[in-house]
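Each remark here refers to the structure printed beneath this line.
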Amino acid sequence: MKLVPCPLNGWRPASEFAYGGPVEEMPDPQQCTDEEWMHYVYGHDGAPGVQKEWWYHNASGTWFVAERDTAADKFIRSYLP
Amino acid sequence: MAHQLLRFAMYKDHPEPRMFNTPDELQDSYDVVIIGGGGHGLAAAYYLAKDHGITNVAVLEKGYIGGGNTGRNTTIVRSNYLTPEGVQFYDKSVRLFQDLSQDFDLNIFYSTRGHYTLAHTEGSLNTMRWRAEVNKHFDVDSEVVYPNEIRRDVPEMNLECGGEMPVMGALYHAPGAIARHDAVAWGYGKGASLRGAEIHQKTEVTGINIESGRVTGVETNRGTINTKKVLCAVAGFTPRLTEMAGFSTPIQIRPLQAAVSEPHKPWLDTIIVSGTLHTYINQSSRGELVMGSSLDPYELHSTRSSLDFTEGLIDNALDLFPFTSELKVVRQWAGMADITPDFAPIMGKTPVEGFYLDSGWGTWGFKATPVSGKTMSELVATDRVPELIEPFRLSRFTENRLMGERAAASVGH
């Protein structure tokens, strides 16, 4: 079974988690161009590599950030935001 | 006998290749380079030669032809989409599919089965009604049917679904079909090769050469190729290629898994899909149940399959067909799917001139093979975007004109 490292609860089965997508910095909506905003909403560099992601532990209601290698499917570390 | 066998083993040109030539040498330049020797890439090569007379074409495949998602899908062909653009696009594809066996002089085992998308809630039944109306408007045969009709047509199905999610109705799509997916790739490969296109297997693209915004060639593990036109048709690998070309797309890669049971006597004539139960099932001509489920829950660039998938899939499939509980799963696998935010493909021109993209095929690529080949070859040959694929342009994301095809994806994602 696939395990996910929760910073509060340790390694738990993946079925207890929801994936929240990559962590991306939000541009200032007042300052940025339409193109920058659309890139933030939809654009995403999907190439394989180590990616910072949002994960949610359903049982304890915890959002946290994990760094994961999307090619090797290995978690490198996880921490509270 | 032994002498003859030995002669065949030593003599390279004999017996003749069954499907397509495998040239030894890469040329220095081609009119068009197609990256990806799956159904889409080979179909584009085929129509470039057949419709446009362009035969100085190289198809580069890093593995073997049809070994990616072409050989990993669940072989379903249908056109019961939700948006007018999607319905028209896939309808054209279904019509092309119906003639392919004749065109190729090769049996692709095209079998019209009828396709049921089950509704287990009032909400999904409403979406079915919506889809049926859009379909009918474009002359695509779809209608909403209710439990009595489904019971008559598929008596083996348990409409109570274990009591929790009874079937309330379905969208019935009569032209829904299955086809032998490998044969589609072979047929296109054979047809392209006969007309002069070169198919190079085990040839991996490692770089895209660009000068002042224009593509000038590609780097491969077998050397550099000069070309002014590159078509990228690499489902599952698109982000790696667009990264080489210096632009990004909203595509994420997620594994999509499938499984087949051991063969048994024919009993399931139709194709059954349930978005709510994350299950789709058809019976192959060999008697296997071919089954799929929803996408894996997170991004992953790998074709590993998982126990979680099989358990979840079978749990739901048994709600529909409890009597299959004794059947064994003999094989399971995964493909890497290009997932876009609106569940529609990305086809057309890119910020790099001469670099054309045929991508974003997520969970709906096999059924588009003929029409994508037809339209992308027209785009590559003429540099004009065919009307049929204009709505699927990459720039729709910056224009905020998304397609909204999610409700017509086979499974809940």
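Per chain, numbering begins at 1; letters A, B, ... match sequence-line order.
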Residue Arg396(B) versus chain A: region with a heavy atom under 4.5 Å = neither

Other residues, nucleotides, ligands: >12 heavy atoms within 6.0 Å of Met165(B) CE = no

How many angstroms lie between OG in Ser395(B) and CD in Glu35(A), if you round to the nearest 0.5 Å?
-> 9.5 Å

Using non-hydrogen atoms and a 4.5 Å limit, figure out which bit of Glu299(B) sits close to chain A: side chain, backbone, both or neither.
-> both

Which pair of non-hydrogen atoms, one from His39(A) and one from Ser248(B), has the smallest distance, and what is that distance?
-> NE2-OG, 3.2 Å

Any Tyr42(A) side-chain heavy atom under 4.5 Å of Asn400(B) side chain = yes

Do you know which two heavy atoms are closest between Pro239(B) and Gly46(A), and how far apart they sit?
-> CB-C, 3.3 Å

Applying a strict 4.5 Å limit to non-hydrogen atoms, the region of Trp55(A) in contact with chain B is side chain

Relative to chain A, which segment of Leu241(B) carries a heavy atom at a distance below 4.5 Å: side chain, backbone, both, or neither?
-> neither

Which answer fits Leu300(B), side chain, backbone, both or neither, if we ask what part of it has an atom under 4.5 Å from a heavy atom of chain A?
-> both

Can you tell me if CZ on Arg304(B) sees more than 12 non-hydrogen neighbours from other groups inside 6.0 Å?
-> yes

With chain A, the option among Asp342(B), Leu402(B), Thr238(B) that has the most non-hydrogen atom pairs under 4.5 Å is Leu402(B)

Side chain / backbone / both / neither for Ser306(B) at chain A, heavy atoms under 4.5 Å | neither

Heavy-atom proximity to chain B below 4.5 Å, by part of Asp34(A) | neither

Would you please name every residue forming a side chain to side chain contact (heavy atoms under 4.5 Å, CB included) with Leu388(B), sequence neighbours left out?
-> Gln88(B), Phe89(B), Lys92(B), Val371(B), Thr375(B)

Tell me, with the steps shown, if Gln51(A) and Tyr298(B) meet side chain to side chain contact (heavy atoms under 4.5 Å, CB included).
-> CA-CA 12 Å; Gln51(A) 169 166 286; Tyr298(B) 52 85; over 6 Å; no

Side chain, backbone, both or neither of Pro341(B) within contact of chain A (heavy atoms, under 4.5 Å) | side chain

